[in-house]
Amino acid sequence: MPGIKVDKGLVPLPGSNNESWCQGLDGLASRCAEYYKQGARFAKWRTVVSIPCGPSALAVKEAAWGLARYAAIAQDNGLVPIVEPEILLDGDHAIERTLEVAEKVWSEVFFYLAQNNVLFEGILLKPSMVTPGAEHKQRATPEAIAKHTLTMLRRRVPPAVPGIMFLSGGQSEVEATLNLNAMNQEPNPWHVSFSYARALQNSVLKTWQGRPENVEAAQKALLVRAKANSLAQLGRYTGEGESDEAKKGMFQKGYTY
């Protein structure tokens with residue numbers, strides 16, 4: 001099924017602590033209607049929340065309200081909205097602080113989704129995993145990340161939501177897969193899977209390098225990552241035989257795309 005990113009990117013949020021908001025609501029209904037005619041069946045809208053910036057109550061509310069309005073407009077035009085408030089990895093905070101912020105963000109997101117009469121059964125979530133800040137001195141195990149992430153989801157996400165598709169947010173390919181696998185070691189009320197960009201493509205792009213002679217090797221690299229994450233969303237991934245490249249972190253401070 002084809003889908004499309006419908007936001008118009010992040011811009012500075014006036015009155016905040018150097019935070020951002022996501023623009024694109026103006027004209028969104030007509031754009032979504034046209035995308036549906038062209039064959040799109042789902043949409044994506046990414047906004048971000050920064051823990052080192054507070055986050056301010058204004059930024060959290062703006063992120064939640066924008067996501068809710070987008071989701072309502074997308075559903076009204078036949079598209080399944082992917083709801084994605086990304087809590088950035090930037091910072092040196094502990095995993096407990098990430099959990100605290102994530103619970104606050106998702107509480108507001110679902111409050112405003114309900115206020116806008118969004119059908120929960122007709123959305124997908126694309127959350128960040130609950131991890132320590134990228135600059136925190138103590139690393140967290142996949143088991144700890146799974147415990148904190150599932151705690152947040154169970155406290156904030158209704159079981160009516162059919163799927164949780166995690167973003168990788170700068171984790172290494174192996175880290176993202178191990179963490180997803182740990183979350184699938186017990187039953188969840190949702191389908192817990194992945195929607196990775198960097199953690200699915202990084203080693204593939206480095207193998208390909210834009211050269212025709214590398215296409216076959218790059219395709220094989222993609223199959224390796226697809227297979228690993230397919231196993232992880234079933235809770236059957238072991239991490240055996242992974243390359244050193246797949247273990248390299250991809251965090252970039254202040255990452256934008």
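Heavy-atom basis, side chains included; hydrogens, waters and symmetry copies ignored.
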Examine [X] and [Y] and state if one hydrophobic cluster contains both, with Ile, Leu, Val, Met, Phe, Trp and Tyr joined whenever side-chain heavy atoms are less than 4.5 Å apart.
| X | Y | result |
| --- | --- | --- |
| Val130 | Val157 | yes |
| Leu10 | Trp65 | no |
| Leu167 | Val80 | no |
| Ile51 | Val105 | yes |
| Tyr36 | Val6 | no |

Check this for me, if you would: do Glu186 and Arg154 make a salt bridge, where the nitrogen-to-carboxylate-oxygen distance has to be below 4.0 angstrom?
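Arg154 and Glu186: salt-bridged.
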Quiz item: Is the shortest distance from a Lys or Arg side-chain nitrogen in Glu216 or Lys220 to a carboxylate oxygen in the other one below 4.0 Å?
Solution: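 Lys220 and Glu216: salt-bridged.
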Next item on the list: Would you please test His93 and Thr98 for side-chain hydrogen bond (donor to acceptor under 3.5 Å, both in side chains) and show each step?
Entry: CA-CA 7 Å; His93 50 277; Thr98 309; 3.3 Å; yes
Close side-chain approach of [X] and [Y], heavy atoms under 4.5 Å:
| X | Y | result |
| --- | --- | --- |
| Thr47 | Glu86 | no |
| Asn229 | Arg225 | yes |
| Val83 | Leu124 | no |
| Ile73 | Asp76 | no |
| Phe166 | Pro127 | yes |
| Val118 | Tyr112 | no |

Take Asn17 and Ser56, measure what side-chain hydrogen bond (donor to acceptor under 3.5 Å, both in side chains) needs, and give me the verdict at the end. CA-CA 7 Å; Asn17 185 26; Ser56 69; over 6 Å; no
Does any N or O in the side chain of [X] come within less than 3.5 Å of the main-chain N or O of [Y], such that one atom is a donor and the other an acceptor?
| X | Y | result |
| --- | --- | --- |
| Gln75 | Leu119 | yes |
| Thr149 | Ala146 | no |
| Glu103 | Arg156 | no |
| Glu121 | Ala160 | no |
| Arg198 | Ser172 | no |
| Asp7 | Gly9 | yes |
| Asn184 | Ala232 | yes |

Apply side-chain hydrogen bond (donor to acceptor under 3.5 Å, both in side chains) to His191 and Gln233, showing your working.
CA-CA 8 Å; His191 179 62; Gln233 55 97 32; 3.2 Å; yes
Taking all non-hydrogen atoms of both residues, which atom of [X] and which atom of [Y] are closest, and how far apart?
| X | Y | value |
| --- | --- | --- |
| Trp208 | Ala218 | CB-CB, 3.6 Å |
| Asp26 | Arg31 | O-NH1, 3.0 Å |
| Ala226 | Leu200 | N-CD1, 4.2 Å |
| Asn181 | Tyr237 | OD1-N, 2.7 Å |
| Leu150 | Met183 | CD1-O, 3.8 Å |
| Ala43 | Leu79 | CB-CD1, 4.1 Å |

Distance check, rounded to the nearest 0.5 Å: [X] atom [atom1] versus [Y] atom [atom2]?
| X | Y | atom1 | atom2 | value |
| --- | --- | --- | --- | --- |
| Met129 | Phe194 | CE | CZ | 10.5 Å |
| Ser230 | Leu180 | OG | CG | 10.0 Å |
| Ile145 | Glu175 | CD1 | CD | 7.0 Å |
| Ile82 | Leu125 | CD1 | CG | 10.0 Å |
| Gln115 | Glu108 | CD | CD | 11.0 Å |
| Lys126 | Arg46 | NZ | CZ | 8.5 Å |

To which residues is Val11 joined in a hydrophobic cluster, defined by side-chain heavy-atom contacts under 4.5 Å among Ile, Leu, Val, Met, Phe, Trp and Tyr, whether direct or through other members?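 Besides Val11, the cluster holds Leu13, Trp21, Leu58.
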Decide if atom [atom1] of [X] counts as having more than 12 heavy atoms of other residues, nucleotides or ligands within a radius under 6.0 Å.
| X | atom1 | result |
| --- | --- | --- |
| Arg236 | CZ | no |
| Arg139 | CZ | no |
| Glu213 | CD | yes |

inquiry  = Centroid separation under 6.0 Å, is that true for the rings of Phe110 and Phe120?
reply    = yes
Classify the angle between the aromatic ring planes of Trp45 and Tyr70 as parallel (below 30°), tilted (30 to 60°) or perpendicular (above 60°).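 Judged by the thresholds at 30° and 60°, the geometry between Trp45 and Tyr70 is parallel.
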Asn179 vs Gln171, test: side-chain hydrogen bond (donor to acceptor under 3.5 Å, both in side chains). Steps then yes/no.
CA-CA 10 Å; Asn179 294 339; Gln171 300 177 81; 2.6 Å; yes
Residue set satisfying side-chain hydrogen bond (donor to acceptor under 3.5 Å, both in side chains) with Glu62, at least two apart, ordered chain then number -> none
Derivation and outcome, salt bridge (Lys or Arg N to Asp or Glu O under 4.0 Å), residues Lys61 and Glu19
CA-CA 12 Å; Lys61 183 174 182 177; Glu19 294 163 288; over 6 Å; no
Which of Val101, Ile87, Leu88 passes side chain to side chain contact (heavy atoms under 4.5 Å, CB included) with Pro55? Answer is Val101
